[in-house]
Structure formats: C-alpha cells, structure tokens
There are 2 protein chains.
Amino acid sequence: MGTKGDGNRRRIIEAADQLFYKRGYNQTSFQDISEATGIPRGNFYYYFKTKDDILGAVIDNRLDALTAMLKQCEAAGGTPLDRLLAFSNILETNRDNVLESGCPVGTLDSELAKDDPQLHEKSRQAFSLLRQWLREQFEALGKANADELAMDLLARIQGVTVLACAFNDADFIRRSLKDIQDWIECRAMNQA
Amino acid sequence: MGTKGDGNRRRIIEAADQLFYKRGYNQTSFQDISEATGIPRGNFYYYFKTKDDILGAVIDNRLDALTAMLKQCEAAGGTPLDRLLAFSNILETNRDNVLESGCPVGTLDSELAKDDPQLHEKSRQAFSLLRQWLREQFEALGKANADELAMDLLARIQGVTVLACAFNDADFIRRSLKDIQDWIECRAMNQA
DNA sequence: GCAGGAGTAATACGACCGTCTTACTTGGAT
DNA sequence: ATCCAAGTAAGACGGTCGTATTACTCCTGC
C-alpha cells in the first residue's frame, strides 16, 4: 500500500468533513469533493464503496477529533468543574463557524434523522460520546442524576447554536455561554 | 380563476409542507410531491415558478398556522404566565413528530442556513414571529430584558427538540418541559 | 355555438447525481 | 530487466433532478 494512496484517502475525508459541515451531507456531491481535492470524481470508488462509506469515515474522523478535544478538556483543569467549563468554551472558540453553519454534530444529526435511520444512528455516536463524557464529569462531582445533567447541558448548548446561527447573533452566544457556565458552577456547588 | 385550480395549489402546499418537514427541503423532489397529490410533476410550473416559490408558499402557510397557534395560546389564559405555559406545551402536543423529525422551524432553518442565504432569511421569519410574541409576553410581565428572555426560551426548547430527536427520547421531553415551565414560573415571580 | 382563457395531462430537456469500468502509469520485489 | 499490484486519469452509465413546453379538455361569456 503506497503512502500516496493513504494521503489521498485522508484528503478526501478532510475535504468531505468540511463540505458536509458547511453545505450538509445531501447537498455535497462527489464533484464538490473532487474539486476541493483535485482527485478525479471516479476515483472515490477506489477508496470508498459508496457515499455513505465516506460519511462513515468522516464521522469516525470526527469522533477521533472529539475524543482529542475531550482529552484536552481533561488536561485543562484538575477538577470536574474546570473540565466542564473548558468544555462549554467550545461555544466561544468555534463561534464563527457556529454562526455560519451551526453545530457540526447537531446539524448533521438533524439532517440524517430525516434520511436513512442507519445513517442517523451513525451520526448519533458523536452525541453519545459527549453525553458519556459529560456524565462522567457530573458523576465525579458526586451527582446522582449525572446523565440527566449531561443531557441538559448538551441541550442548552444545542439550543444556543441553533438560535445563534438562525439570527447570526454572536452576542447571544457570549451571553448564553455565561449563563451556561453559571449553571454549571451552580450544579458544582450544590450537593446531591 | 377556477376553484379547482386553487384547490390544487393548496394541496401542493400542504403536501410539500409535510414532506419538507419529514424529509427536508432539499431531499423532497417534485416527484415526491406529485405522488403525494396525484398532480402531474410538470404542472407545478403552472402554480409556482420554481421550487423556491413552493418553499415560500409553504413558509407563508406555516406563518399563518403559527399565528393561529399563538392566538390560541392567548385565548388559553388571561395572564402572560398562562400564555407562556400554554406555548411551551407545544413540546408535548407535538411530541411524536418532534421525536421523529425534530422541530419544523428549527430543522428547516438549520438546513437552509447551509443553502442560499436568501432561503435562510425566509425560513428565519418563523423564529422571528415566535420571538416577537414571546417578547411581548415577557414585557407584559414587566420584564426589562424581555427579548433576551424570549431568545432564552426559544433556545431551550430548540435544544430539547434536537436532543430528544437524536436519542428518540420521549422522557427527556417530558422532564425538560417541566424544567422549562418551572423556569417560566420563576421568571414570572421575580420582579424586574 | 363558438372563441378564448383556465386548468390538466404528458413528456421533452439539459444538467447533474452516485456508481462503475476501463486503460494507463507507476514503483518496488524478484 | 521484468512483472505485478497499487494507484491514477478519464469518462461512460442509467437514473433522477428541476424546469419548460406542448397539446389537450373544459367551462364561461357573448
């Protein structure tokens, strides 16, 4: 196996990743990916059997990136509170992208929920990964309802991204992030 | 102008409305609408110049339906608190649809945010309508930051729909609705 | 009773979609 | 030097997309 081939495979995945985010999965054609990479359209079949296969590889790639991001959150602070605050900062660090295209996890999942159920399940993995990690943080805070708190936090972040993107409102992100972080700190204070 | 023609126009709009919700705008073809209505594909051009025109008519139709729904909320109770609680109940009354396809307003807006900016603007009207109405309710409660509260409430509802749809979790809707209604009542109690 | 606009049926059109195939070019093992 | 698998270039394929056109039926006003 040549290194050139693997390099192309990777370039396809990364270009598709960006395009799926910016335009959506269904609205991204092989031609789009071809133009972005310079790789002829017909060659994708050599690396992937179907378009769904590309999506699968993109999602796997995103799961790796999310895992790395979570590791970084763990390194950011010693306490679960620090980690949760670091996590919520993704709203600010990805602000410009969120305003333009929404949350990559949420918008892809919403799109695929209306397609084949199998694709929906695949895209849900990203949410599950975040949910599980957040749950562990809340458990480390001694919370009995850690999974519920994880869902609540994910939902609040999703809501902010949807509305901020709809109204292209950066101030709303900033204000909401503060509210969310207050909410996290409040949960970290109270016992049970 | 015959009444038959208007009847067909209406049938196209209503079938497209459903399909745009269940499958998404881009994933709904003229053929789909044709099969749902029995109206030949080629005839759509007689009623609408382009697919975007159908979308415009569908959104106008939804705005009318939302306006009627808000009027119903106003009739449901005399106080702004009653109205806000009635509004939030859409999460429960539309539960099954939300679990399957998400929020019709949110998912359409998220989809169109990745298409032509003009379409995005059109779809945002629904959010604007709800935002304005909620703002008026919070103003009636004497809130100085009524618009911010309106955005916060919309965002919370959106977040719940996205996560509930992703995990197909009806219990999460029920639990979150209670949280949201507690939040509304809390806002109604506090002054300023 | 017929002229003419409203509405219907059916299909042609070019473009693009995802998929698949073929022919060609490498570069390393033998 | 030769061979062969790995990878590349280019395009054919059938299907479907949104759009547009044509020919037809029907009803109404005169």
Side-chain angles (χ1 to χ4, degrees), chain A residues 1-20 22-59 108 111-112 114-120 122-123, chain B residues 1-20 22-59 108 111-112 114-120 122-123:
Chain A
M1 64 199 76
T3 74
K4 189 82 168 296
D6 276 11
N8 274 352
R9 191 186 147 89
R10 174 136 296 276
R11 282 168 57 213
I12 291 172
I13 292 174
E14 281 166 6
D17 193 337
Q18 280 297 308
L19 287 165
F20 290 173
K22 295 296 180 186
R23 301 190 193 179
Y25 172 67
N26 290 301
Q27 288 297 103
T28 298
S29 70
F30 280 52
Q31 187 165 294
D32 294 330
I33 304 173
S34 170
E35 286 166 3
T37 57
I39 297 170
R41 193 174 79 257
N43 284 24
F44 294 141
Y45 188 68
Y46 177 76
Y47 298 98
F48 306 95
K49 275 195 268 296
T50 66
K51 192 183 179 187
D52 292 358
D53 273 9
I54 299 183
L55 177 64
V58 165
I59 289 177
L108 183 65
E111 180 182 358
L112 297 183
K114 310 200 174 196
D115 285 354
D116 183 4
Q118 217 166 352
L119 294 186
H120 185 204
K122 186 96 179 124
S123 80
Chain B
M1 61 199 75
T3 73
K4 190 80 167 298
D6 275 12
N8 275 352
R9 190 185 147 90
R10 173 136 296 276
R11 281 169 57 214
I12 292 173
I13 291 174
E14 280 166 7
D17 194 336
Q18 280 297 308
L19 288 165
F20 290 173
K22 295 297 179 186
R23 303 189 192 179
Y25 172 67
N26 289 301
Q27 287 298 102
T28 299
S29 70
F30 280 50
Q31 187 165 296
D32 293 330
I33 305 174
S34 171
E35 285 166 4
T37 57
I39 297 169
R41 194 173 80 256
N43 283 26
F44 295 140
Y45 188 68
Y46 176 78
Y47 299 99
F48 305 95
K49 273 194 269 299
T50 66
K51 192 183 179 188
D52 292 357
D53 273 9
I54 299 182
L55 177 64
V58 165
I59 290 178
L108 182 65
E111 180 182 358
L112 298 183
K114 311 200 174 196
D115 285 354
D116 183 3
Q118 216 167 351
L119 294 186
H120 185 204
K122 185 96 179 123
S123 80

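In what follows, chains are A, B, ... by sequence order, proteins preceding strands, each numbered from 1.
In this structure, of C:dT19, D:dG18, C:dA10, it is C:dA10 that holds the atom nearest to the side chain of B:N43. Here D:dT8 is the nucleotide among C:dG18, D:dT8, D:dT19 with the atom lying nearest to any side-chain atom of A:N8.
Between the CG atom of A:D53 and the P atom of C:dG18 there is a distance of 14 Å, rounded to whole Å. Nucleotide D:dG18 holds its C1' atom 13 Å from the CD atom of A:Q27, rounded to whole Å. C:dT21 atom C1' lies 16 Å from atom NZ of A:K49, rounded to whole Å. In this structure, the CG atom of A:N26 is 13 Å from the P atom of D:dG18, given to the nearest Å. In this structure, CG of A:D116 is placed 16 Å from P of C:dG18, rounded to the nearest angstrom. Computed from coordinates, the A:R11 CZ to D:dG7 P distance equals 14 Å when rounded to whole Å. Going from atom CZ of A:R9 over to atom P of D:dA6 covers 15 Å, rounded to whole Å. Atom CD1 of B:I54 is separated from atom C1' of D:dC17 by 13 Å (rounded to the nearest Å).
With a 4.5 Å cut-off on side-chain heavy atoms, A:Y46 and A:N8 do not count as touching.
Comparing A:D32 and A:F44 by the nucleotide of DNA chain C that holds the closest heavy atom to each, the one mapping nearer the 5' end is A:D32.
Between D:dT19 and B:Y45, no contact under 4.0 Å exists linking OP1 or OP2 to a side-chain N or O. Of the side-chain N and O atoms in B:Y46, none sit less than 4.0 angstrom from OP1 or OP2 of D:dT21.
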Identify the pairs formed between an N or O of the protein and an N or O of nucleotides 13-16 of chain D at a distance under 3.5 Å, and give each distance.
none

Polar atom pairs (N or O), protein with nucleotides 22-24 of chain D, under 3.5 Å:
none

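Each of B:V58, B:L55, B:I54 was checked for a side-chain contact (heavy atoms from CB on, under 4.5 Å) with B:D17, and the lone residue meeting it is B:V58.
Remark: side-chain polar atoms of A:S123 are not paired, donor with acceptor, to backbone N or O of A:L112 under 3.5 angstrom. Side chain of B:Q27 to main chain of A:D115: no donor-acceptor pair is present (N/O by atom type, distance under 3.5 Å, no hydrogens or angles).
Here B:F44 contributes atom CZ and B:I33 contributes atom CD1; the two are 5.5 Å apart, rounded to the nearest 0.5 Å.
Using a 4.0 Å heavy-atom cutoff across all strands shown, B:S34 reaches no nucleic acid atom at all.
Residues passing the side chain to side chain donor-acceptor pair (under 3.5 Å) test with A:D52, sequence neighbours excluded: A:Y25. Residues passing the side chain to side chain donor-acceptor pair (under 3.5 Å) test with A:K22 are A:N97, sequence neighbours excluded. Every residue two or more places apart in sequence or in another chain that forms a side chain to side chain donor-acceptor pair (under 3.5 Å) with A:D32 is listed here: A:R23, A:S29. Residues passing the side chain to side chain donor-acceptor pair (under 3.5 Å) test with B:E14 are B:R10, sequence neighbours excluded.
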